[in-house]
Amino acid sequence: NQVASFMEGIFADLDPTATGRAQSPELILDRGMTKIEQELAGQPLVQARLMNTMGIVYLNLDQLDRARELIEKGLEMRRTNLDPNHPDLAVSLNALAWYEYRVSRFKQSQDLHQDALAIQEHALGRSDPRVAVTARQLARVHWIQGHFDIADELYRRALDVLDTPGGRHDLELASALHWYGILLIDQGELNSAEAVLERAIAIRTRILGPDHPAVGWPLTELGRVQHYTGRLDAAEDTFNRSLSILEASLGPDARDVGFPLNGLAEVLRAQGRVDEALALFERALAIREGIHGSNDIEVLWTLPGYGWAVLSSGEAEGAQGLFERALEISRTLFPDGHFFESVAEMGLGMTLRNRGMEVEGRAHLERSLEIAETLVPNQHAWLGWPMLEVGLARLDAGDCAGSRDYLESAVDHWRSSLGPDHVYVARGLQALAHWEASCGDVERVGSLLSEAHDVAVRSGVPSHLIAIDVTAEFERFTAGSR
């Protein structure tokens, strides 16, 4: 009855006809906290439960300091009043772990989820759906740190429990599918990722409706798959749909809006629409810095793409600053190395070469490849890029023998990971034509450019910058050979 009465008071604050004006969510929550402390005195476990719930709401409103205060207070109450293996203690540990994830303290988040999982397994058993949810949350923290094998095992474990006849746990299943799809993208398993994400979207659309933000989130990841597999028009449509859903439901400056903004900007950059891409990158970065500050993982996710867009606009010095900043953030957050360190190293190397600093640029490119070969799954298409750029840098330095292996490896890698007709393969064949022109048989230049052009045409993405560049070079060569 106390809880019911308390909740009635909270809901009364939401009614503008009773209060005389609409109340902000933050004000309502602050009043709720006062009610918890005053009206539920002597009920510490009830207080702890409500504090934890409100702390999560504050997290989702990006009020991170207030969220931590409430979650930690609720956790301490539960530690004081419950057995160390009580499952409610795990609920608070998971909430605090989510806070630590949001502020980019991933090892602390991992440890808290691990403690929660141990408590739940002891109290509930491994097959309980609540245990599966914690396994999924722990998988997410391992994923962000690049522990892909551990994350994969945990996601599969969660899915085995949640994917039940009758769909009793379908919303939790959709969450596991959504996050597992992200892992599959980063493992380079794009076809599997697409199927998993489409299933998550279908479940959430059926239960929540097509315009719910929980539908917009996996749409962003589906857009990434479409982009990486060369379907730029489809990716643009998907990112725009996700953006529309999230802006309408959460507001134009919400944290989650940064994800489709970033993805859409990447697609526009690939199409050569640099000014449009720059505007979106700038907006995404402003949202993320406004919420998280300047050194957060989500800021890091924006910086490399933004750097390449700035480089494409001819502002190499500005691009260099963005890549250097990305490199610093990655090394701070992940001192043992991370995929994004490889990305930032490559961008910095390309930018330095663009500015005429060949030796320094080549060193960063080789460092990018070294990191990628150590940390990135073998089937991931990304590996081809530092291979290609190291090969081109060595070619420009006159290293004919050393450069060809890298260029051929890039082509072979993209054929294997993306298929023989992906536009990246066309870029690699174009680079091999340049090698033949400088170091090999000039008679082979024409056949390689022709092959590159054929691949670009078969790729079905005529608006992609690579397809445009390959086609233009092939046509110039053909005209000059007449």
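The structure presented is a predicted model; accordingly, all values stated were derived computationally and were not measured.
Within 6.0 Å of the CD atom in Glu328, the count of heavy atoms belonging to other residues, nucleotides or ligands does not exceed 12. Open room surrounds CG on Asn378; 12 or fewer heavy atoms of other groups in view lie less than 6.0 Å from it. Heavy-atom contacts from other residues, nucleotides or ligands closer than 6.0 Å to CD of Glu360 number more than 12.
Between Tyr101 and Trp179, the ring planes are perpendicular. Angles over 60° get that label, and only those under 30° would be called parallel. The aromatic rings of Tyr424 and His464 sit perpendicular, their planes meeting at an angle over 60°, well past the 30° parallel limit.
With Thr374 contributing its side chain and Glu370 its backbone, the two residues share a donor-acceptor pair below 3.5 Å. In this structure, His338 contributes its side chain and Ile144 its backbone to a donor-acceptor pair below 3.5 Å. A donor-acceptor pair is defined here as one N or O able to donate and one able to accept, closer than 3.5 Å; such a pair exists between the side chain of Ser417 and the backbone of His413. The closest donor-acceptor contact from the side chain of Asn262 to the backbone of Gly258 lies at 3.5 Å or more, if one exists at all.
Within the 6.0 Å centre-distance limit, the rings of His380 and Phe339 are counted as a close aromatic pair.
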Can Phe259 and Leu243 be said to form a side chain to side chain contact (heavy atoms under 4.5 Å, CB included), step by step? CA-CA 8 Å; Phe259 292 96; Leu243 182 61; over 6 Å; no
Determine, stepwise, if the pair Glu373 / Leu383 fulfils side chain to side chain contact (heavy atoms under 4.5 Å, CB included). CA-CA 7 Å; Glu373 289 179 331; Leu383 271 172; 4.2 Å; yes
Stepwise side chain to side chain contact (heavy atoms under 4.5 Å, CB included) check, Arg136 with Tyr155: CA-CA 5 Å; Arg136 185 259 297 169; Tyr155 278 131; 3.7 Å; yes
I would like to know whether Asn52 and Arg78 meet side chain to side chain contact (heavy atoms under 4.5 Å, CB included); could you show each step before the answer? CA-CA 10 Å; Asn52 193 75; Arg78 281 172 161 164; 4.1 Å; yes
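In this structure, the side chains of Leu278 and Glu282 come closer than 4.5 Å at one or more pairs of heavy atoms. For the pair Leu184 and Gln187, the minimum side-chain heavy-atom distance is below 4.5 Å. The closest side-chain heavy-atom distance from Phe334 to Glu341 is not below 4.5 Å. Between Ile297 and Phe340 there is no side-chain heavy-atom pair separated by less than 4.5 Å. You'll find the side chain of Asn94 stays beyond 4.5 Å of the side chain of Val133, heavy atoms only. Between Leu327 and Glu324, every side-chain heavy-atom pair lies at or beyond the 4.5 Å cut-off. In this structure the side chain of Glu236 reaches within 4.5 angstrom of the side chain of Gln271, judged on heavy atoms. At least one side-chain heavy atom of Trp414 sits less than 4.5 Å from a side-chain heavy atom of Trp385.
Between Glu345 and Arg331 there is a salt bridge, since a side-chain N of the basic residue sits under 4.0 Å from a carboxylate O of the acidic one. Salt-bridge check for Arg156 with Asp160: failed, with every basic side-chain N at 4.0 Å or more from each acidic carboxylate O. With respect to Arg102 and Asp296, no salt bridge is recorded, no charged nitrogen being found less than 4.0 Å from a carboxylate O. With salt bridges taken as basic N to acidic carboxylate O contacts below 4.0 Å, one links Arg269 and Glu266.
Scanning for salt bridge (Lys or Arg N to Asp or Glu O under 4.0 Å) contacts around Asp65 gives Arg68, with sequence neighbours left out. Residues meeting the salt bridge (Lys or Arg N to Asp or Glu O under 4.0 Å) test with Glu69, sequence neighbours left out: Arg66. Arg353 is linked by a salt bridge (Lys or Arg N to Asp or Glu O under 4.0 Å) to Glu358, Asp396, counting only residues two or more places apart in sequence or in another chain. Not counting sequence neighbours, the partners of Glu289 by the salt bridge (Lys or Arg N to Asp or Glu O under 4.0 Å) test are Arg325.
In this structure, a donor-acceptor pair under 3.5 Å is present between the side chains of Trp143 and Asp186. For the 3.5 Å distance criterion, the side chains of Ser175 and Arg204 qualify, holding a donor opposite an acceptor.
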Throw together a table of side-chain donor-acceptor distances under 3.5 angstrom for residues 308-315, partners on residues two or more places apart or in other chains.
| from | atom 1 | to | atom 2 | distance (Å) |
| --- | --- | --- | --- | --- |
| Ser312 | OG | Trp308 | O | 2.9 |
| Ser313 | OG | Val310 | O | 2.6 |

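Here the CG-CG distance, from Leu322 to Leu285, works out to 8.0 Å after rounding to the nearest 0.5 Å.
Shown are Lys107, Gln110, Arg140; of these, the side chain to side chain donor-acceptor pair (under 3.5 Å) with Gln145 is made only by Gln110. When each of Gln226, Arg224, Glu221 is tested with Thr238 by the rule side chain to side chain donor-acceptor pair (under 3.5 Å), just one qualifies, namely Gln226.
Within the structure, the ring pair (Phe, Tyr, Trp, His ring centres under 6.0 Å) test picks out no pair touching residues 220-250 (sequence neighbours left out).
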